[in-house]
Undergrad: 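This structure is in structure tokens; I'll ask about it shortly.
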Amino acid sequence: MNQQNPKPNLPPTVPSVSPPSVPGRSASRSSPPSPAFPPDSSQSSAKTKSLNQFTVSKKEPKQAAIPVVQLADSDDSPKNEGWLSRFFWQMPSWLTSALLHVSVVLILALIPVREEIKNSLSLILGLGESSGSEEELSTFDLSDLSNDMDVSEEEVKDLSTLTTEMESMVEDLSNMNATVELAPMTIKTSLSSRSGLMKDALLKAYGGTDNTERAVAMGLEWIKKQQAKDGSWSLAGPYSEGGVNENRPAATAMSLMAFMGAGNTHKVGTYQTNVARGLEYLLSIQDDDGFFAAKATGIQRTYAQAQASIAVCELYGMTGDESLRAPAERAVQWAIQAQSDSGGWRYQPRQDSDTSVTGWYVMALTSARMAGMDIESDALENVHKFLDSVQRNTGENRPNPNGDKYAYTAASRDKDSMTAEGILCRMYLGWSTTDKRIVRGCDYLASHPISSELNNRDYYYWYYATNSLHHAGGAAWFKWNEVMRDTLPSLQIQAGRERGSWPPQGDPHGDAGGRLYSTVLAILCLEAYYRHMPLSEMAKAE
């Protein structure tokens, strides 16, 4: 139902523009951060008027790639005496066709096809360390995994077995004179990595382990137990060490993000019921203008709005549920209207910008693009204007187009968490992962890894650094992951009432966000292996 609570007063709707893909940026453009749930509630939002002037353009979602398979007619029996070949030629024609289509779908689910399948199966990830053309794709050959990363022999053996089986399918298809043709892929491919063969392959390829997956499973079980009867989650309890600030819209959105990161939606998954109830709660508090956060207070509203927008847009993208299209579009239009003239977002619509708030809204708009929605190109390009104002060299408090660090606001110095968030925004908005400023920034992040020391815990920094480094890939990611995959699970509570959660103690925002905040961000870190396809690959897939 629609809420009558006051909402931010925004200007009239900007006409919708069907944009091209997000433009890349060439090398020529180059106070502490506000946490996801800021403890400073003194800067509360002013009471504002309702927005009824939003208009939402209705557009059909982009269609996913559809493989077209054509078989050449042949009366010749196969010369290959293998059992698989004999099996294909002796079965009824309808069954041959069915198995052939299933085989092709399995292959395409594992490989974003961009070139002919050769002698071995490679995961096309687009995150290599090559200094070549941006059009070139880097590949991880599964047969070379043991040389590239620290995984067990058993894991490599499992992948090698999968490779052999898939190669056999390809060879048999080749023997049957099959040709495969692909329609253009869409950015929705980026959300296809959270389940099935793709999830398993990416988990191993990027260095995930049984231990990281066990930690995710335990964490999701803990979150499940905290859900309220109305489908929402709370920052304050009923668990121990809750946050001092309540924010049910944000707590619910973040919990849904953790479930969705492991492939759960309101349609499928172990936690389907929990996601459906949480989604129902979010939709019940969204008003006609797309605003979710009337039940949040003060400066927390802006975070709650962005996070709820991410959750709804991701669910729409993952399921294609048309009933979610209108709520997602309303959320996107609210975000665009709230963008300030300086290019970013902050506590009040159209008033100033900071990197912390801006990062969440960039992710919301990116999630909408992943779902196949058209976003006004100016809204995305203008974010660069704000990021330019907070781009720094180490220790500076003035803009530097060659800088590899980022500050909280235009008047402040660089900070690790803001550097991680700024780098992620730049990559979402089109900067190449091989840009020298991105590479230097990622090298810096990798040299400041996750720590088990109580006074060095910062889940907010860990979340953004993990995602930035995963999308940038290369040596910096594996250096970071070598520490993360062991240290982060070691901090998880292993027994008792709070089993599966992460303690908020020591985190600079732990008092405000509490145990749910720290647990969700830890889970999202450990889901990074497969939660999103690499950003460079997403850009090429449009």
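Since the structure is predicted, the reported quantities are computational estimates derived from the model, not experimental observations.
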Undergrad: What's the shortest heavy-atom distance between S501 and R515, and which atoms?
TA: OG-NH1, 2.9 Å

Undergrad: Picking from Q226, K224, K225, what satisfies side-chain contact (heavy atoms from CB on, under 4.5 Å) with W222?
TA: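 Passing option: Q226.
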
Undergrad: Checking T466 side chain against Y463 main chain: does a donor-acceptor pair fall under 3.5 Å?
TA: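 Checking the backbone N and O of Y463 against the side chain of T466, no donor-acceptor pair under 3.5 Å is found.
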
Undergrad: Contact between M363 and E314 at the side-chain level, heavy atoms closer than 4.5 Å - yes or no?
TA: no

Undergrad: For a 4.5 angstrom cut-off between non-hydrogen side-chain atoms, does W480 reach I450?
TA: yes

Undergrad: Please evaluate residues T212 and L488 with respect to the criterion side chain to side chain contact (heavy atoms under 4.5 Å, CB included), reporting the C-alpha separation (whole Å), side-chain torsions for both, the decisive distance (0.1 Å), and the verdict.
TA: CA-CA 8 Å; T212 62; L488 200 51; over 6 Å; no

Undergrad: Tell me, please, which residues at least two apart from W502 pass ring-ring contact (aromatic ring centres under 6.0 Å, His included).
TA: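 ring-ring contact (aromatic ring centres under 6.0 Å, His included) check on W502 returns nothing, list empty.
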
Undergrad: Tell me whether D404 is salt-bridged to R440, with the criterion being a basic N under 4.0 Å from an acidic carboxylate O.
TA: yes

Undergrad: With rounding to the nearest 0.5 Å, note down the distance linking NE2 in H470 to CD in E527.
TA: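 Atom-to-atom, H470:NE2 and E527:CD are 11.5 Å apart.
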
Undergrad: Within this structure, what is the CG-CG distance for the pair D443 and L469, rounded to the nearest 0.5 Å?
TA: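 It comes to 9.0 Å.
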
Undergrad: Please check this pair: side chain of Y529 against backbone of C525, looking for a donor-acceptor N/O pair closer than 3.5 Å.
TA: no

Undergrad: Looking at W345 and W360, would you say the former's side chain and the latter's main chain have a donor-acceptor pair under 3.5 Å?
TA: no

Undergrad: Going by side chain to side chain contact (heavy atoms under 4.5 Å, CB included), name the residues that satisfy it together with D486, two or more places apart in sequence or in a different chain.
TA: none

Undergrad: Going through the distances and angles, do L315 and D321 end up as a side chain to side chain contact (heavy atoms under 4.5 Å, CB included)?
TA: CA-CA 8 Å; L315 276 174; D321 184 347; over 6 Å; no

Undergrad: Hey, is the main chain of I223 close enough, under 3.5 Å, to the side chain of W233 for a donor-acceptor pair?
TA: yes

Undergrad: Short question: side chain of E498, backbone of I493 - any donor-acceptor pair under 3.5 Å?
TA: no

Undergrad: Side chains of I375 and T366, heavy atoms from C-beta outward: is any pair under 4.5 Å?
TA: no

Undergrad: Under the 3.5 angstrom rule, does the side chain of Q307 hit a backbone N or O of A253 as a donor-acceptor pair?
TA: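 Side chain of Q307 to backbone of A253: no pair is present.
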
Undergrad: Are R531 and N467 packed together at the side-chain level, in the sense that at least one heavy-atom pair is separated by less than 4.5 angstrom?
TA: yes

Undergrad: For Y406, run the side chain to side chain donor-acceptor pair (under 3.5 Å) check against K415, R426, E421 and tell me which one passes.
TA: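 Among K415, R426, E421, the one that satisfies the side chain to side chain donor-acceptor pair (under 3.5 Å) with Y406 is R426.
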
Undergrad: Strictly by modelled atom types, are R485 and T209 linked by a side-chain donor-acceptor pair under 3.5 Å?
TA: no

Undergrad: Assess whether atom CD of E280 is packed by more than 12 heavy atoms of other residues, nucleotides or ligands within 6.0 Å.
TA: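 Counting neighbours around CD of E280, 12 or fewer heavy atoms of other residues, nucleotides or ligands fall under 6.0 Å, so no.
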
Undergrad: Determine, stepwise, if the pair M484 / W477 fulfils side chain to side chain contact (heavy atoms under 4.5 Å, CB included).
TA: CA-CA 10 Å; M484 181 187 75; W477 161 252; 4.0 Å; yes

Undergrad: Mind checking whether Y460 and Y464 have ring centres under 6.0 Å apart?
TA: yes

Undergrad: If you compare all heavy atoms of A262 against all heavy atoms of L220, which two are closest, and at what distance to 0.1 Å?
TA: CB-CD1, 3.9 Å

Undergrad: Heavy atoms only: give me the nearest T355-G422 pair and the separation to one decimal.
TA: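 Reported closest heavy-atom pair: CG2-N, 4.2 Å.
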
Undergrad: Mind listing the closest non-hydrogen atom pair of Y316 and A371 along with its distance?
TA: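 Answer, listing the atom of Y316 first, then A371: CD2-CB, 3.7 Å.
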
Undergrad: Would you say H384 and W431 make side-chain contact, with heavy atoms under 4.5 Å?
TA: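 The answer is yes; the side chains approach within 4.5 Å.
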
Undergrad: Is there a side-chain contact between L387 and L429 in this structure, where contact means two heavy atoms from C-beta onward sitting under 4.5 Å apart?
TA: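 Contact flag for L387/L429 side chains = yes.
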
Undergrad: When rounded to the nearest 0.5 angstrom, what is the spacing between CE in M260 and OG in S367?
TA: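 Nearest 0.5 Å value for the CE-OG distance: 8.0 Å.
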
Undergrad: State, to 0.1 Å, how close Y530 and L203 come at their nearest heavy-atom pair, and which atoms those are.
TA: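 Heavy atoms only, the tightest pair is CE2-CD1, 3.9 Å.
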
Undergrad: To the nearest 0.5 angstrom, please state how far the OG atom of S468 sits from the OH atom of Y428.
TA: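 Answer for the OG-OH pair, S468 versus Y428, is 8.5 Å.
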
Undergrad: Could you check whether any side-chain heavy atom of L256 comes within less than 4.5 Å of a side-chain heavy atom of L282, counting everything from C-beta outward?
TA: yes

Undergrad: I need the minimum non-hydrogen distance between L365 and V332, along with the two atoms involved.
TA: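 Between these two residues, the closest heavy atoms are CD2-CG1, 4.1 Å.
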
Undergrad: Counting only N and O atoms by type, is there a donor-acceptor contact under 3.5 Å from the side chain of R457 to the main-chain atoms of S451?
TA: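 The answer is no, because no donor-acceptor pair under 3.5 Å joins these two groups.
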
Undergrad: Taking the side chain from S447 and the backbone from Y444, do they hold a donor-acceptor pair closer than 3.5 Å?
TA: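 Checked: pair present.
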
Undergrad: Is the closest side-chain heavy-atom distance between T358 and V390 below 4.5 Å?
TA: no

Undergrad: Under 3.5 Å, side chain of T519 to main-chain N/O of L516, donor-acceptor pair present?
TA: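 Looks like no, no N/O pair under 3.5 Å.
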
